Engineer: 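This structure is in structure tokens; I'll ask about it shortly.
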Amino acid sequence: MNDFIFCSPTQFVFGHGANDKIGEMLAQREGFKRALLVYGQGSVVRTGTLDRVKKSLDAACIEYVEFGGVRPNPEVNDVRKGIEAVRENDIDFILPVGGGSTIDCAKAIGFGALHDGDVWDFFSGKAAVERCMPIVAVLTIPAAGSEASSSCVISNDELGLKKGTNGDAFRPVMAFMDPEVTFTLPAYQTAAGVTDMIAHICERFFSGVGDVPVTDNMACGVIRALMDAAPQVLENPEDYDARAAIMWASTLAHNDVLGLGRSTNPASRAGGWESHALEHELSAFDPKITHGAALAVIMPAWMRYVWREDPSRFLLFGMDVFGIEPIDDTDEAVEDAVTVIIDELQGFFASMGMPTKLGDFGLKPENIDAFLKTLEANKGSVFGGFKKLTMDDARAIYESAF
């Protein structure tokens, strides 16, 4: 097990009626008088979740300024407008109500508002996040794990880029999580969220570091729990226990606990995040592409390309998640087993209605040059942890995904 530094400052309020407790619990915190209420493009309004949050704030005499319309794959110009709203309205804390896009937008507003320069400085590498306004997340779409993570991803349409930054300073101080608000999520969105969670875990599991038994067992256990719960909610969207399992798995998948001991740098997140890097270029190219759905295609394609770098990791994954093992230790038997393991994983994604080819998004092989241009701008000419990938490797992975 490698050395690590881990910080998890988020207080979780989880369960039935959690969102009705927001005002009461925030009123107990010093300095939480006026919020920037950040939300997306309609679902929190249509389902009544936003009204419940407002009612709870009103009852506790906590003021708020509304900032709505955040899109999926949030764009930096929305962040800039949010920063202006913070500065013009004497805001104390940021209160996003939504999923990963809304929470990431709120995070960027929170640290951008305390920065003298442009907020894109943090995503272009010109600045590091050292401080942030308090973030209180109200989760409505479990997927990205932003409610407790140290990551924030923002798109820049002008540059055609989607970039992330990391820092403990913008982990939310509180997260309100009521599984009942996810009953109305469309099946596709639920499935894409589960896929994203599994990808978050796999990015850490296949980090290029050897076995870390405690962390590895926890990681595979959460994946198994997700694979048990997902079919249940797709059959019965109001299965509370299954929805609760998925919502909590969202947090565990990306708050870094499932990567502890796997990083070569004690202060860094484990893994090379190759699948996410490859996917981000797709949803930067077309923001309508759902991140988790695209990962359902990209991650298995990456796995098929790199598994020979360390077959033992894939065999451990296959045994602990699917109960699959090779019939003997010959190279042919190992290859057969790994092939089945990766096929099983992609088959699970497909069973939830996830796409299997990039063409399912309307993308074409001739788009690959555009993906590679922004990928290299984001990651450099060589990237990865499990296996170092060149742009030629990335091209081969993209091609295999069509």
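Since we're looking at a predicted model, the values are computed, not measured. In this chain, residues are counted from 1 in sequence order.
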Engineer: Taking the six-membered ring for Trp, are Y305 and W302 closer than 6.0 Å centroid to centroid?
Structural biologist: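 Not under 6.0 Å, so no.
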Engineer: Do any side-chain atoms of residues 360-370 form donor-acceptor pairs under 3.5 angstrom with protein atoms, and if so which ones, sequence neighbours left out?
Structural biologist:
residue, atom, partner, partner atom, Å
D360, OD2, T356, N, 3.1
D360, OD2, K357, N, 3.2
N367, OD1, K364, N, 2.7
D369, OD1, R395, NH1, 3.2
D369, OD1, R395, NH2, 2.8

Engineer: I need the full list of side chain to side chain donor-acceptor pair (under 3.5 Å) pairs touching residues 285-298, with sequence neighbours left out, sorted by first then second residue.
Structural biologist: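 For residues 285-298, and leaving out neighbouring residues, the side chain to side chain donor-acceptor pair (under 3.5 Å) pairs sorted by first residue read D196-H291, H276-H291, E279-H291, D286-K288.
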Engineer: Any chance you could measure N19, atom CG, to M177, atom CE, to the nearest 0.5 Å?
Structural biologist: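 These two atoms lie 10.5 Å from each other.
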Engineer: The criterion is ring-ring contact (aromatic ring centres under 6.0 Å, His included); which residues satisfy it with F6, sequence neighbours excluded?
Structural biologist: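 F6 satisfies ring-ring contact (aromatic ring centres under 6.0 Å, His included) with no other residue.
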Engineer: Show every ring-ring contact (aromatic ring centres under 6.0 Å, His included) that has at least one partner inside residues 71-107, sequence neighbours left out.
Structural biologist: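 The answer is F32-F93.
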Engineer: Measure the spacing between OG1 of T184 and CD of Q189 and express it to the nearest 0.5 Å.
Structural biologist: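 Between atom OG1 of T184 and atom CD of Q189 there are 9.0 Å.
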Engineer: Per the salt bridge (charged side-chain N to carboxylate O under 4.0 Å, His left out) rule, what does the pair list look like for residues 76-98, sequence neighbours excluded?
Structural biologist: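 Only R80-D118 qualify under salt bridge (charged side-chain N to carboxylate O under 4.0 Å, His left out).
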Engineer: Ignoring hydrogens and geometry beyond distance, is a side-chain donor-acceptor pair present between K162 and N73 at under 3.5 Å?
Structural biologist: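 Result is yes, a qualifying pair exists.
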Engineer: Quick one, S101 with D104, criterion side-chain hydrogen bond (donor to acceptor under 3.5 Å, both in side chains). Give me CA distance, side-chain angles, the key distance, then yes/no.
Structural biologist: CA-CA 5 Å; S101 293; D104 276 9; over 6 Å; no
Engineer: For a quick check under 3.5 Å, do D121 and H115 share a side-chain donor-acceptor pair by atom type?
Structural biologist: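 There is such a pair (donor and acceptor under 3.5 Å, judged by atom type) between the side chains of D121 and H115.
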Engineer: Assess, by modelled atom type and distance only, whether the side chains of E281 and T374 contain a donor and an acceptor separated by less than 3.5 Å.
Structural biologist: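 T374 and E281 do have a side-chain donor-acceptor pair below 3.5 Å.
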Engineer: Quick check: closest heavy atoms across T140 and V181, and the distance to 0.1 Å?
Structural biologist: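 Distance-wise, the nearest heavy atoms are CA-CG2, 3.9 Å.
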Engineer: Step by step, would you call H254 with R204 a side chain to side chain contact (heavy atoms under 4.5 Å, CB included)?
Structural biologist: CA-CA 9 Å; H254 203 36; R204 294 173 167 91; 3.1 Å; yes
Engineer: For a quick check under 3.5 Å, do N265 and S263 share a side-chain donor-acceptor pair by atom type?
Structural biologist: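 No, no side-chain donor-acceptor contact under 3.5 Å.
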Engineer: For the residue pair R313 and F205, would you count it as a cation-pi contact if the rule is NZ or CZ under 6.0 angstrom from the ring centre and within 45 degrees of the ring axis?
Structural biologist: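 Flagged: R313 positioned over aromatic ring of F205.
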Engineer: If I take atom CD1 from residue I397 and atom CE from residue M303, how far apart are they, to the nearest 0.5 angstrom?
Structural biologist: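 Atom-to-atom, I397:CD1 and M303:CE are 12.0 Å apart.
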Engineer: Identify all side-chain donor-acceptor contacts of residues 168-176 below 3.5 Å with residues at least two apart in sequence or on another chain.
Structural biologist:
residue, atom, partner, partner atom, Å
D168, OD1, R171, NE, 2.8
D168, OD1, R171, NH2, 3.3
R171, NE, C7, O, 2.9
R171, NH1, A148, O, 2.8
R171, NH1, N255, O, 3.2
R171, NH2, D256, OD2, 2.8

Engineer: Checking D241 against Q232 for the side-chain hydrogen bond (donor to acceptor under 3.5 Å, both in side chains) test, could you report, in this order, the C-alpha distance in whole Å, the side-chain angles of both residues, the deciding distance, and whether it holds?
Structural biologist: CA-CA 9 Å; D241 288 336; Q232 296 176 43; over 6 Å; no
Engineer: Under 3.5 Å, which donor-acceptor pairs link side chains of residues 335-345 to any protein atom two or more places apart or in another chain?
Structural biologist:
residue, atom, partner, partner atom, Å
E335, OE2, R308, NH2, 3.0
T339, OG1, E335, O, 2.8
D343, OD1, R304, NH2, 3.0

Engineer: Does I198 form a side chain to side chain contact (heavy atoms under 4.5 Å, CB included) with L226? I'd like the steps, not just the answer.
Structural biologist: CA-CA 8 Å; I198 292 174; L226 282 167; 3.9 Å; yes
Engineer: Report the C-alpha distance between F111 and M133 in whole Å, list the side-chain angles of each, state the deciding distance to 0.1 Å, and finish with yes or no for side chain to side chain contact (heavy atoms under 4.5 Å, CB included).
Structural biologist: CA-CA 6 Å; F111 55 73; M133 297 180 66; over 6 Å; no
Engineer: Do D328 and T330 pair up side chain to side chain, a donor and an acceptor below 3.5 Å, judged on atom types alone?
Structural biologist: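 Short answer, yes.
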Engineer: Which atom pair, heavy atoms only, marks the closest approach of I141 to L185?
Structural biologist: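 Heavy atoms only, the tightest pair is CG1-CD2, 3.9 Å.
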Engineer: Roughly how far, to the nearest 0.5 Å, is CD1 of I154 from CG of L161?
Structural biologist: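 Reported value, rounded in 0.5 Å steps: 13.0 Å.
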Engineer: Would you mind listing every ring-ring contact (aromatic ring centres under 6.0 Å, His included) that reaches into residues 212-239, with sequence neighbours excluded?
Structural biologist: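 For residues 212-239, and leaving out neighbouring residues, there are no ring-ring contact (aromatic ring centres under 6.0 Å, His included) pairs at all.
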Engineer: What residues form a side-chain hydrogen bond (donor to acceptor under 3.5 Å, both in side chains) with S149, not counting sequence neighbours?
Structural biologist: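 For S149 the side-chain hydrogen bond (donor to acceptor under 3.5 Å, both in side chains) partners, ignoring immediate neighbours, are K107, S151.
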Engineer: Should the heavy atoms of other residues, nucleotides or ligands under 6.0 Å from CD of Q28 be counted, would the total exceed 12?
Structural biologist: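 Counting neighbours around CD of Q28, more than 12 heavy atoms of other residues, nucleotides or ligands fall under 6.0 Å, so yes.
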Engineer: Going by side-chain hydrogen bond (donor to acceptor under 3.5 Å, both in side chains), name the residues that satisfy it together with S43, two or more places apart in sequence or in a different chain.
Structural biologist: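 Listed in chain order: nothing, the list is empty.
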Engineer: What are the two closest heavy atoms between V212 and G261, and how far apart are they?
Structural biologist: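 Scanning both residues completely, I find the closest heavy atoms to be CG2-O, 3.4 Å.
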Engineer: Who pairs with E147 by side-chain hydrogen bond (donor to acceptor under 3.5 Å, both in side chains), at least two apart in sequence or on another chain?
Structural biologist: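 With sequence neighbours excluded, E147 shows a side-chain hydrogen bond (donor to acceptor under 3.5 Å, both in side chains) to S250, T251, given in chain and number order.
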Engineer: Just jot down the side-chain hydrogen bond (donor to acceptor under 3.5 Å, both in side chains) partners of D157, sequence neighbours excluded, or say none.
Structural biologist: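 Testing D157 for side-chain hydrogen bond (donor to acceptor under 3.5 Å, both in side chains), a comparison that skips the adjacent residues, returns R71.
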